[in-house]
Amino acid sequence: MNQESSRRDIRKLSLRELEEFFVSIGDKKFRAKQVYDWLWNKTLKNFSDMSNISKATRELLEKHFIINHVHVDQIQRSSDGTIKNAVKLFDGNIVESVLIPTPKRITACVSSQVGCSLDCNFCATARLKRMRNLNPDEIFDQVATIMEEASLYHDRPLTNIVFMGMGEPLLNYANVLAAIEKITSPEGLGMSPKRITVSTVGVCKMIKKLADDDVKFNLAVSLHSAINETRSRLMPINDTNPVEDLAEALRYWYAKTRRKVTYEYVIWKGINDDEHHAHALAKFCKIIPSKVNLIQYNPIDDGEFQQADPEKVDMYLRIMEGQGIIAKVRKSRGQDIDAACGQLANKNDLELIPE
Ligand code: SAH
């Protein structure tokens, strides 16, 4: 075994394990806390930068461990200020993360898997095979990178995080929760869980698990239709997780957490742009307290799916309003660099903007 493969990834160790390591080499237990702080709070990428650690100890760390930090392979900047990162992982796989600036917020949109297994017909990521789950530190690094970019390019702090990049977060449950733990804990980035939203295609069993685990972040569900026949056509997951089961899982979520849910919903021409679908959505929204984000469709290629006409969107808004449901139209961001919802597909043939 060469030295490279015998060195352990230090960020796989808990604080306790790191303490044990320092005690085992005859050092002080509190050294672990210092190193942990460099890794998870200050997000350092090299042992040599750990300035309160002696040179001898840094060399020892270097001998035993590596820091498998992600590497930003390519940065693309949209005319609207959106930044898309092609993030290279230690094994060469690439995922994408996006920084989305608005006047009041800077949001990081992060990936949870390499590719996706879900086959939603309208999504570009679905065209990529699912390769693997991301590790907690790979998710964490996407956030840390966007934090740096927020101050570098926009001179503002990161305010929100959405798990709406590549992959299905609830099918990488343990790692997503471990990453969020590091992002929210005071020893980590100290962000409020209220500013984090995990978006799911609607994996009922895992929505219930979130409720059981008493998570403090927000939940969004990609609904797109509250009618089984239409939803199954759009999202094959609906065959095994139909609308009734989703309703039941959401009731369970609300009973335990008392927190409302956000539904993401695209209105497509000729698919769900009639009153029948709008009324079904309004009815579904009454199951538990909720709000609706009407997302603009971002075309991905073949033209099978097209954004509905503006009058149809207005019709939806009218019906929602009439039923006392909060619905907002969400403008698409970063379309010119394929950074918008559902466009993340590792298209690397675009103009390269150096870091
Ligand atoms: N797997 C998770 C998170 C990733 S997708 C989920 O399904 O929620 C993030 C959001 O973008 C989802 O609501 C998804 O339905 C939506 N989306 C996918 N492709 C899109 C497209 N081409 N245009 C607009 N929204 C899209």
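Residue numbers count from 1 along this sequence. Atoms within each ligand, like the ligands themselves, are counted from 1 in listed order.
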Which residues satisfy the side chain to side chain donor-acceptor pair (under 3.5 Å) test with E148, sequence neighbours excluded?
none
Could you name each residue pair satisfying ring pair (Phe, Tyr, Trp, His ring centres under 6.0 Å) that touches residues 201-252, not counting sequence neighbours?
F122-H224, H224-W268
Interfacing atoms of ligand 1 (cut-off 4.0 Å, heavy-atom, [X]):
| X | value |
| --- | --- |
| Q296 | 24 (C) |
| H224 | 13 (O), 14 (C), 15 (O) |
| G165 | 4 (C) |
| V201 | 6 (C), 7 (O), 8 (O) |
| C123 | 18 (C), 19 (N) |

Is the side chain of [X] donor-acceptor paired with the backbone N or O of [Y] at a distance under 3.5 Å, no angle test?
| X | Y | value |
| --- | --- | --- |
| D91 | N93 | yes |
| N41 | G188 | yes |
| N238 | G202 | no |

Under 4.0 Å, counting heavy atoms only: does A124 come that close to any atom of ligand 1?
no
Option with minimal heavy-atom separation from [atom], where the choices are [options]:
| atom | options | result |
| --- | --- | --- |
| atom 3 (C) of ligand 1 | G202, C109, S199 | S199 |
| atom 5 (S) of ligand 1 | Q113, M164, M166 | M164 |
| atom 1 (N) of ligand 1 | E168, M235, Q307, R330 | E168 |

Derivation and outcome, side chain to side chain contact (heavy atoms under 4.5 Å, CB included), residues Q323 and C285
CA-CA 10 Å; Q323 307 267 345; C285 287; over 6 Å; no
Region of [X] engaging ligand 1 - heavy atom pairs below 4.0 Å:
| X | value |
| --- | --- |
| T200 | backbone |
| E264 | side chain |
| F122 | both |

Does R195 reach the side chain of I161, with side-chain heavy atoms less than 4.5 Å apart?
no
Could you tell me the separation between the CG atom of D274 and the OH atom of Y316, rounded to the nearest 0.5 Å?
6.5 Å
Do S112 and E168 pair up side chain to side chain, a donor and an acceptor below 3.5 Å, judged on atom types alone?
no
Taking distance alone, with no angle check, do G167 and ligand 1 share an N/O pair under 3.5 Å?
yes
